[in-house]
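Every chain is numbered from 1, with letters handed out A, B, ... down the list of sequences.
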2 protein chains.
Amino acid sequence: MTLAAPPQVAAPSGAASSASSQPGFCPVYRAIGVLQEKWVLHIVRALLDGEKGFNELARAVGGCNSATLTQRLEHLETLQLIGKRTEDTHGKLARSVYSLTPAGRELQGVIQAIDMWAREHLQEDEARLEGQSGCGSAV
Amino acid sequence: MTLAAPPQVAAPSGAASSASSQPGFCPVYRAIGVLQEKWVLHIVRALLDGEKGFNELARAVGGCNSATLTQRLEHLETLQLIGKRTEDTHGKLARSVYSLTPAGRELQGVIQAIDMWAREHLQEDEARLEGQSGCGSAV
DNA sequence: GCAAGCGCTTTAAATTGTCAAGCGGTGTAA
DNA sequence: TTACACCGCTTGACAATTTAAAGCGCTTGC
């Protein structure tokens with residue numbers, strides 16, 4: 001069962017340390033909620049490298065399927081972390097280009113923190129091979 | 001930004017080029033894979049606040065159900081990010097206590113980055129309310 | 001005795017993510 | 001002219017993950 005904690009969970013005071021949130025809005029909690037959606041961090045990371053088209057992004061992210069990607073991009077767009085622009089190349093080819101908004105770009109700090117941590121603590125301990133693969137970029 | 005970024009990204013992924021073999025192995029990619037599992041960041045955040053028992057942790061995390069929590073804890077344990085200790089309080093009550101290992105504790109940097117970002121960009125501009133709630137602890 | 005807390009496990013649904021395929025359009029090569 | 005190959009997606013069926021709900025064995029406190 002779900003222990004206690006109705007939707008209103010969080011720090012029932014008991015949680016020792018610091019302040020408790022007031023009206024129940026906690027930015028960090030929310031941020032984690034967004035960032036832990038599958039592929040979100042990968043998408044941000046890929047876009048930190050520069051704006052990209054749909055398929056291009058899909059390739060860069062590596063392994064995300066189009067349906068999920070579409071959905072994620074929509075979500076990130078409503079959150080204003082990424083922006084979508086339809087560029088009209090010369091004649092008629094309409095290409096969609098996704099890029100980070102300023103807010104999204106600031107997630108770079110998060111990615112960097114992860115990168116730093118990963119390099120130090122995830123080197124080769126595998127133990128669990130989840131079939132992930134390379135990536136290529138460096139931060 | 002600093003991302004060097006050889007676009008030659010992750011595996012062919014969806015594609016089929018079974019490159020198999022030993023793919024690049026990219027720590028960051030892997031790290032993201034772990035951190036984006038639901039509840040993982042919440043768990044780490046809760047534990048940064050000090051070691052906790054199972055139910056206690058569940059309450060601190062807020063909203064994760066026991067089955068998932070058990071599974072996540074197992075995974076994190078095999079990854080050596082958290083440790084489990086069964087403490088034998090005086091007489092007979094066996095209580096399990098979970099705490100971060102040194103490697104896990106260093107995720108603090110990641111949490112902090114998220115926290116910082118969240119406070120700055122997620123204040124309450126949300127257009128979407130996902131019914132999340134408070135959190136309580138500070139980083 | 002009995003409710004309540006502890007650390008979990010089990011079972012069946014609901015939610016999410018994925019595969020595979022396809023649609024309308026364009027650029028390129030045969 | 002007819003293929004393909006690539007673009008940006010969408011759809012529908014299916015698998016994986018997460019969830020609620022309940023329960024088990026055990027201990028503590030009233």
Side-chain angles (χ1 to χ4, degrees), chain A residues 1-7 9 12 14 32-43 51-77 82-99 128 130-132, chain B residues 10-18 32-43 51-77 82-99 130-132:
Chain A
M1 54 140 55
T2 295
L3 315 169
V9 189
I32 290 180
V34 174
L35 299 181
Q36 88 191 345
E37 280 190 308
K38 208 161 182 180
W39 301 112
V40 166
L41 285 169
H42 285 301
I43 292 171
E51 52 176 43
K52 287 180 169 46
F54 188 86
N55 291 333
E56 190 182 2
L57 181 55
R59 264 178 264 119
V61 154
C64 176
N65 81 7
S66 46
T68 307
L69 186 56
T70 298
Q71 190 181 308
R72 254 344 68 100
L73 289 173
E74 265 166 27
H75 187 189
L76 292 176
E77 203 183 346
I82 66 174
K84 176 182 184 175
R85 168 169 46 92
T86 308
E87 79 179 15
D88 212 6
T89 8
H90 52 296
K92 259 231 160 172
L93 207 180
R95 183 170 124 94
S96 303
V97 180
Y98 298 89
S99 58
R128 272 252 158 289
E130 328 210 344
Q132 299 293 36
Chain B
S13 51
S17 60
S18 67
I32 291 181
V34 173
L35 298 181
Q36 88 191 340
E37 280 190 307
K38 207 161 182 181
W39 301 112
V40 166
L41 285 169
H42 286 301
I43 291 171
E51 53 175 42
K52 287 180 169 46
F54 187 87
N55 291 334
E56 190 182 2
L57 181 55
R59 265 178 262 116
V61 154
C64 176
N65 86 359
S66 45
T68 307
L69 186 56
T70 298
Q71 190 181 306
R72 252 346 66 99
L73 289 173
E74 266 166 26
H75 187 190
L76 293 176
E77 201 183 347
I82 67 173
K84 177 183 183 176
R85 168 169 45 94
T86 308
E87 78 180 16
D88 212 7
T89 8
H90 50 295
K92 259 199 160 188
L93 206 181
R95 182 171 125 94
S96 304
V97 180
Y98 299 89
S99 57
E130 328 208 346
Q132 299 293 34

Report the residues that fulfil side-chain contact (heavy atoms from CB on, under 4.5 Å) with [X], sequence neighbours left out, ordered by chain and then residue number.
X: B:Glu74; value: B:Thr70
X: A:Gln71; value: none
X: A:Glu51; value: A:Arg85, A:Val97, A:Ser99
X: A:Asn55; value: A:Arg59

Is [X] near enough to [N] that one of its side-chain N or O atoms lies under 4.0 angstrom from OP1 or OP2?
X: B:Tyr98; N: C:dC8; value: yes
X: A:Gln71; N: C:dG17; value: yes
X: A:Arg95; N: C:dT26; value: no

Measure from the side chain of [X], starting at C-beta and using heavy atoms only, and say which of [options] lies closest.
X: B:Arg59; options: C:dC6, C:dG7, D:dA20; value: C:dC6
X: A:Trp39; options: D:dC9, D:dC7, C:dG17; value: C:dG17
X: A:Ser66; options: D:dC9, D:dC7, D:dT19; value: D:dC9
X: A:Ala67; options: C:dC19, C:dG17, D:dT19; value: C:dC19

Whole angstrom value for the distance that separates [atom2] of [N] from [atom1] of [X]:
X: B:Gln36; N: D:dT18; atom1: CD; atom2: P; value: 10 Å
X: A:Lys38; N: C:dT15; atom1: NZ; atom2: C1'; value: 14 Å
X: B:Phe54; N: C:dG7; atom1: CZ; atom2: P; value: 8 Å
X: A:Asn55; N: D:dG8; atom1: CG; atom2: P; value: 5 Å
X: A:Leu69; N: D:dG8; atom1: CG; atom2: P; value: 10 Å
X: B:Leu73; N: C:dC8; atom1: CG; atom2: P; value: 8 Å
X: B:Lys52; N: C:dG7; atom1: NZ; atom2: C1'; value: 17 Å
X: A:Glu77; N: D:dG8; atom1: CD; atom2: P; value: 15 Å

Problem - Counterpart residues, side chain to side chain donor-acceptor pair (under 3.5 Å), relative to A:Ser96 (two or more places apart) - result: none
Filtered N/O pairs between nucleotides 12-14 of chain C and protein, under 3.5 Å:
none

Practice task
With the side chain counted from C-beta on, respond yes when A:Leu69 and A:Trp39 share a heavy-atom pair under 4.5 Å apart, and no when they do not.
Solution key: no
Exercise for the section: Classify the side chain of A:Thr68 and the base of C:dT16 as holding, or not holding, a donor-acceptor pair under 3.5 Å. Expected result: no
Exercise for the section: In plain terms, say whether A:Arg72 and A:Glu77 are close enough for a salt bridge, that is, a side-chain N and a carboxylate O under 4.0 Å apart. Expected result: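 Salt bridge flag = no for A:Glu77 with A:Arg72.
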Practice task
Mind checking B:Ser96 for me? I need base, sugar-phosphate or nothing, with any heavy atom below 4.0 Å counting as a touch.
Solution key: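 If one applies the 4.0 Å heavy-atom cut-off, B:Ser96 turns out to touch the sugar-phosphate alone, with no base involved.
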